[in-house]
Amino acid sequence: MNTRVVRIDEQHIDEALIREAGWIIKKGGLVAFPTETVYGLGGDALNPDSSKKIYEAKGRPSDNPLIVHIARMEDLPALVRTVPETAKKLAQAFWPGPLTMILEKSEAVPKETTGGLATVAVRMPSHPTAKAFIEAAGGYVAAPSANRSGRPSPTVAGYVVEDLDGRIEMILDGGDVELGLESTIVDLTVEPPVILRPGFVTQEALAGALGKVELDVTLFSEDSGQAPKAPGMKYRHYAPKGELTIVRGASAAVTAYINERLSEGRKHNKKTGVIATDETIGEYRADVPRSVGKRTDVNAVAKGLYRILREFDDEGVELIYSESFDGDGVSQAVMNRLLKAAGHRMINV
Ligand code: AMP
Ligand code: MG
């Protein structure tokens with residue numbers, strides 16, 4: 001299959017191209033598109049064959065459900081059994097935006113889209129190109145991140161090309177994404193609601209709208225003894241090809257420990273990489289040192305993380321050490337992704 005890559009300027013959206021992209025979806029094909037979080041791999045959410053194609057193109061296990069993207073609040077009721085008050089409140093506060101809600105699904109949503117579950121994940125993105133594309137596609141676009149399964153989610157169209165060229169009909173290139181980490185997922189089918197994946201809409205923000213909101217216990221520890229509630233969470237995601245270890249502790253101790261490991265790695269002829277911040281990056285003796293920005297700017301850390309993980313792959317880095325990014329709010333999202341990328345390998349010094 002020949003994949004067409006077309007540039008779309010979100011300030012001046014080319015309506016003819018968007019219509020064409022929408023038409024591909026309506027005919028059962030796949031189109032990757034930019035959102036404010038990461039690039040999505042879109043197919044018709046109400047067409048079981050489209051969902052099967054998405055799993056195939058990604059190489060994703062088919063019990064890992066897809067998020068259904070909508071462009072208008074009027075389109076939500078058709079997807080769900082009922083729209084609970086909690087969903088109305090969250091939509092009011094955070095849609096369009098980086099929040100996905102889990103609700104009980106209607107008959108209209110095929111089990112192929114929800115990985116066999118009786119619930120459906122729904123999000124309304126704020127990116128102007130995503131909104132125009134979803135409308136042109138008929139209103140319901142199932143879209144996981146536009147990467148091959150197990151690779152970091154793409155934050156620029158070039159990474160989508162890298163992973164999916166020849167496997168999908170079209171890629172809408174909208175340049176750099178704004179946020180760089182996937183949406184917050186909150187399960188509204190339980191009381192109190194539970195965050196299944198942390199993101200830019202933080203626990204504090206959700207609690208502000210709903211009262212009590214819990215964080216799924218499996219998010220930050222591997223050995224909680226409980227099965228993850230979002231099926232996707234049982235898979236090792238976002239993994240760089242090199243072996244990644246997070247090092248947590250006082251800054252000087254972390255730097256000393258990592259430098260010791262780096263020189264040990266070099267002795268064994270391993271190519272080494274480091275993820276640090278502007279404040280400390282100069283102190284590391286790695287082959288590929290990468291700063292995610294200022295430690296105080298957690299949004300920049302979130303935005304840069306996946307790009308850096310991919311750069312390590314491109315450079316053939318075999319051994320990677322990362323500083324830790326503990327904290328509330330968006331830091332929870334950063335640590336969650338970093339832990340997954342590291343297969344939960346973390347050392348306290
Ligand atoms: P991605 O689209 O790559 O960001 O992955 C979608 C994520 O949403 C995966 O981790 C899924 O497991 C999760 N998800 C989608 N639908 C549901 C659902 N009905 N219940 C729980 N988690 C879901
Ligand atoms: Mg993904």
Side-chain angles (χ1 to χ4, degrees), residues 30 32-43 45 50-51 54-55 57-70 76 79-81 84 87 98-106 108-125 130 134 140-155 159-160 163-164 177 179-190 193-201 214-216 218-219 226-240 302 305-306 309-310 333 336-337 339-341:
L30 304 182
F33 62 101
T35 80
E36 68 276 23
T37 58
V38 298
Y39 275 76
L41 169 57
S50 297
S51 293
I54 291 176
Y55 289 116
K58 269 186 76 93
R60 175 177 187 148
S62 62
D63 65 345
N64 188 356
L66 309 174
I67 294 174
V68 180
H69 292 69
I70 58 174
L76 177 62
L79 292 176
V80 298
R81 219 161 55 81
L99 177 69
T100 297
M101 303 185 210
I102 306 292
L103 297 162
E104 282 172 38
K105 82 173 191 73
S106 71
V109 185
K111 65 177 189 329
E112 284 79 2
T113 301
T114 65
L117 296 178
T119 53
V120 61
V122 190
R123 175 164 110 83
M124 188 192 296
I134 294 163
Y140 302 101
V141 173
S145 48
N147 52 283
R148 289 280 290 169
S149 197
R151 301 219 61 202
S153 298
T155 50
Y159 293 151
V160 182
D163 280 17
L164 299 175
V177 299
L179 300 176
L181 293 183
E182 307 84 348
S183 60
T184 304
I185 301 181
V186 61
D187 185 353
L188 296 179
T189 67
V190 291
V194 174
I195 296 171
L196 302 183
R197 178 170 75 187
F200 283 85
V201 177
E214 284 175 354
L215 211 52
D216 182 60
T218 63
L219 284 179
Q226 295 205 25
K229 292 192 191 64
M233 296 188 303
K234 71 172 179 257
Y235 298 105
R236 179 162 175 249
H237 259 190
Y238 325 114
L305 181 63
Y306 287 154
L309 292 179
R310 281 191 181 249
N336 168 254
R337 305 313 193 276
L339 278 163
K340 288 176 82 164

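All ligand and atom numbering here is 1-based and tracks the order in the structure. Quick note: numbers below take in every heavy atom, side chains included, and nothing from hydrogens, waters or symmetry partners.
- A 6.0 Å sphere centred on CZ of R81 holds no more than 12 heavy atoms belonging to other residues, nucleotides or ligands.
- Among N64, L41, T114, T189, the residue whose heavy atom sits closest to atom 9 (C) of ligand 1 is N64.
- Residue-ligand proximity, L117 to ligand 1, at heavy-atom distances under 4.0 Å covers atoms 18 (C), 19 (N), 20 (N).
- Every atom of ligand 1 is numbered from 1 in the order shown, and the set under 4.0 Å from a heavy atom of I185 is 7 (C), 8 (O), 13 (C).
- Each of the atoms 21 (C) of ligand 1 lies under 4.0 Å from some heavy atom of L196.
- No side-chain donor from either of R197 and T184 sits under 3.5 Å from a side-chain acceptor of the other.
- Under a 4.0 Å criterion applied to the non-hydrogen atoms of A121, ligand 1 contributes the atoms 15 (C), 16 (N), 17 (C).
- Side chain of K58 to main chain of S145: a donor-acceptor pair is present (N/O by atom type, distance under 3.5 Å, no hydrogens or angles).
- Less than 4.0 angstrom separates some heavy atom of R197 from each of these atoms of ligand 1: 1 (P), 4 (O), 5 (O), 7 (C).
- Under 4.0 Å is where a charged nitrogen must lie from a carboxylate oxygen, and between E36 and R123 at least one such pair does.
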Would S183 and T100 satisfy side-chain hydrogen bond (donor to acceptor under 3.5 Å, both in side chains), going step by step from the backbone distance to the final call? CA-CA 6 Å; S183 60; T100 297; 2.8 Å; yes
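- Atoms of ligand 1 found under 4.0 Å from any heavy atom of S145, numbered from 1 in the order shown, are 1 (P), 2 (O), 3 (O).
- Within the coordination shell of the Mg ion (ligand 2), defined by N, O or S atoms under 2.8 Å, S145 is present.
- Atoms of ligand 1 lying under 4.0 Å from at least one heavy atom of T119, given by number and element, are 18 (C), 19 (N), 20 (N).
- Side-chain contact, S51 with T113: a donor N or O sits under 3.5 Å from an acceptor N or O.
- Counting heavy atoms only, P65 comes closest to atom 23 (C) of ligand 1 of the residues P144, A142, P65.
- Of the heavy atoms in R60, only side-chain atoms (C-beta onward) come closer than 4.0 Å to ligand 1.
- Atom-to-atom distance recorded for D216:CG and I195:CD1 is 10.0 Å, nearest 0.5 angstrom.
- A cation-pi contact, defined as under 6.0 Å to the ring centre and within 45° of the axis, links R310 to Y159.
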